[in-house]
Amino acid sequence: MPRKTPWWRSATIYQIYVRSFRDSNGDGVGDLAGICENLDYLQWLGTDALWLSPCMPSPNADFGYDVADYFDVHPELGTLADLDRLIVEAARRDIGIMLDLVPNHTSSAHPWFVDARSGPGSSHRDYYVWSDPGPDGGPPNNWVCATGAPAWTYDAESGQYYLHNFLPSQPDLNWWHEPVHEEFEEILHFWFDRGVAGFRIDVAHGLYKDALLQDNPPVLPTDHPVIRRGKLRPVYSSHRPEVHQIYRRWRQIADGYEQEPALLGETWEFDYQRFGDYYGREVPELHMGFNFGFVEAAFRAPDLAEVVEGTLAGLPPGAMPVWTASNHDVGRFPTRWCGNDARAVKAALTVLSTLPGTLVLYYGDELGMADVAVPEALRLDEMTMNKPDGGRDRCRTPMPWSSDENAGFTSGSARPWLPLGEIGATNVRDEQADPGSVLNFWRQLAALRRDGRIGGVEKLERVLLDDQVWAYRVGEVTTVANLSDQVALRPLPGAGQLSVLASSGASHPGAEALGDVRLDPWQALVLSTRP
Ligand code: GLC
Ligand code: CA
């Protein structure tokens, strides 16, 4: 386990999409042993914990987000013994292992659902959400699933519909049914007993549904743009207040373990107060929540400043903010935010690392790895197959370790499960050798985080904000970021006494040069009142 306590405060967590990190046995699919073999790299990067995308047995309709057994490891990825070994080996390097827990739904191949589907009298029927048809014989209400199709599938055998907010092969669990709580509490104990450092909780805002299954209302012009991408506000199909009961119970369980496991929710909530509610107000709930308002913000000074300040104001006192900009759903920030311009990538990493709180990087972020245009014939993600942006496969491609064949991802001759992009200089080996690489810049930031010089949770104060430049102070450190492709010259009060901890640009001013700060396009500076 990591050495700080609790380990997850101001931590650096690294998300690994297991199928794409490193293939140890040459079958073209990344695996747990491949992670284990590269722990020295992950330690060198400065990570406190790894969050592994789902590793449990799954028919892979949604690559592990359709779980068929919560107590085992998917054979393609390894064995339970491999996971145990990974936990032990990672702990030797002060790295914790977090798993991805999927409590909103199971796979339709899970024995609970197989039984539930066998008929209304089956003992697992109420584990899922069933309903008679609507008055017209169609679905019970207007809810739509992640593909935009109706969220209900008809079961001819029983004449009822079952609910799935994602694919039809991912039936939603019924959290109004107490045995479901008991099952998941057993699952938590099982993995905490094995020493996991916590869970990322999938669809954390969605577990409860409205008991009356009321229609979702239409979106409002005032809704967040992400909500407005759909036609309906998902206020009855998810985001129910009852969900907080679950996290109060889970928090107690987690806090009873010596390794202080963290519960990190996938909390899609754009209202700052309601987002903060997931941490718990009177009673503690999740240790942390992913902040999608930040993930979805434009990479512009005013947009980021607004979301960061709003988020911090909405969190309960003492809460640990989480900053992340890439993942396996939304894409990679070097592409989404930075147009694959390494200067902008370094500026983004500077901002992510100097905001007060815990940072979650996605594998490849440290290299400036870009999304890959996966040719249509090779696309695999059923949920986003028809999306014009290339779907989610674009951000799930194999990690480039070198410029060798298959980028050093696989040892064998099998074709990697998703294609690699063009193999250029963006790979671990070449970037390690290049002092000006994104990777070596990340290492400087990581060292400052490790030493507690940045990322601590002192109050954030705005120093300067305009269309181009955002400067903020956290404790003794001031970050000045030029989030534009133009040179910026700004007066920075007291700048003369500041020393430079890190500079993302080509020019590295000394302390004496800093009365007025001159920033190259996309340059970010980390300045301190302490030498
Ligand atoms: C979450 C996951 C996503 C998955 C979905 C259904 O949003 O991040 O990858 O498809 O839940 O489990
Ligand atoms: Ca493999």
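Quick note: numbers below take in every heavy atom, side chains included, and nothing from hydrogens, waters or symmetry partners. Atoms within a ligand are numbered from 1 in the order they appear, just like the ligands themselves. All residue numbers refer to positions in the sequence shown, counting from 1. Note that this is a predicted model, so its numbers are computed, not measured.
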Relative to the ring of Y208, is the ring of H181 parallel (under 30°), tilted (30 to 60°) or perpendicular (over 60°)?
tilted
A side-chain contact here means heavy atoms from C-beta on lying under 4.5 Å apart; do Q15 and R200 qualify?
no
At less than 4.0 angstrom from any non-hydrogen atom of M383, what atoms of ligand 1 do you find?
10 (O)
Answer yes or no: does atom CD of Q43 have more than 12 heavy-atom neighbours from other residues, nucleotides or ligands under 6.0 Å?
yes
Could you tell me whether F299 and F333 have their ring centroids closer than 6.0 angstrom?
no
Any ion pair linking R92 and E89 (charged N to carboxylate O, less than 4.0 Å)?
yes
Tell me which protein heavy atom sits closest to atom 5 (C) of ligand 1, plus the residue, atom name and distance to 0.1 Å.
F166 CE2, 3.7 Å
Within ligand 1, which atoms have a heavy atom of R392 less than 4.0 Å away?
3 (C), 4 (C), 9 (O), 10 (O)
Measure the shortest side-chain to side-chain distance between H74 and V18 over non-hydrogen atoms and say whether it is less than 4.5 angstrom.
no
Considering residues at least two apart in sequence or located in another chain, which fulfil the salt bridge (charged side-chain N to carboxylate O under 4.0 Å, His left out) criterion with R85?
none
Heavy atom of H164 under 4.0 Å from ligand 1?
no
Atom indices of ligand 1, in the order listed, that fall short of 4.0 Å to a heavy atom of V203
11 (O)
Atom 9 (O) of ligand 1: nearest protein contact (heavy atom, Å):
D329 OD1, 2.7 Å
In this structure, atom 7 (O) of ligand 1 is nearest to the protein heavy atom E266 OE2, 2.8 Å
Taking atom 11 (O) of ligand 1 as the reference point, the nearest protein heavy atom with its distance:
D202 OD1, 2.9 Å
Could you pull out all residues at least two apart from D172 that satisfy salt bridge (charged side-chain N to carboxylate O under 4.0 Å, His left out)?
K209
Could you tell me whether R392 and D371 have a side-chain N and a carboxylate O separated by less than 4.0 Å?
no
Charged N-O contact under 4.0 Å between E296 and R228
no
What part of E382, side chain from CB on, backbone N/CA/C/O, both or neither, has a heavy atom under 4.0 Å from ligand 1?
neither
Could I get the full list of salt bridge (charged side-chain N to carboxylate O under 4.0 Å, His left out) partners for D277, not counting sequence neighbours?
R281
Side chain or backbone, does W268 bring an N or O within less than 3.5 Å of an N or O on ligand 1?
no
With atoms numbered from 1 as shown, which atoms in ligand 1 lie under 4.0 angstrom from a non-hydrogen atom of H105?
6 (C), 12 (O)
Is it true that R200 lies under 4.0 Å from ligand 1, counting heavy atoms only?
yes
Near the Ca ion (ligand 2), which protein N/O/S atoms fall under 3.0 Å?
D23 OD1, N25 OD1, D27 OD1, V29 O, D31 OD2
Applying side-chain contact (heavy atoms from CB on, under 4.5 Å) between D23 and each of V29, N406, D31, report the one that passes.
D31
Minimum-distance protein heavy atom relative to atom 4 (C) of ligand 1
D62 OD2, 3.3 Å
For ligand 1, which atoms, with element, lie under 4.0 Å from some heavy atom of R396?
9 (O)
Flag side-chain contact, heavy atom, 4.5 Å: D202 against H105
yes
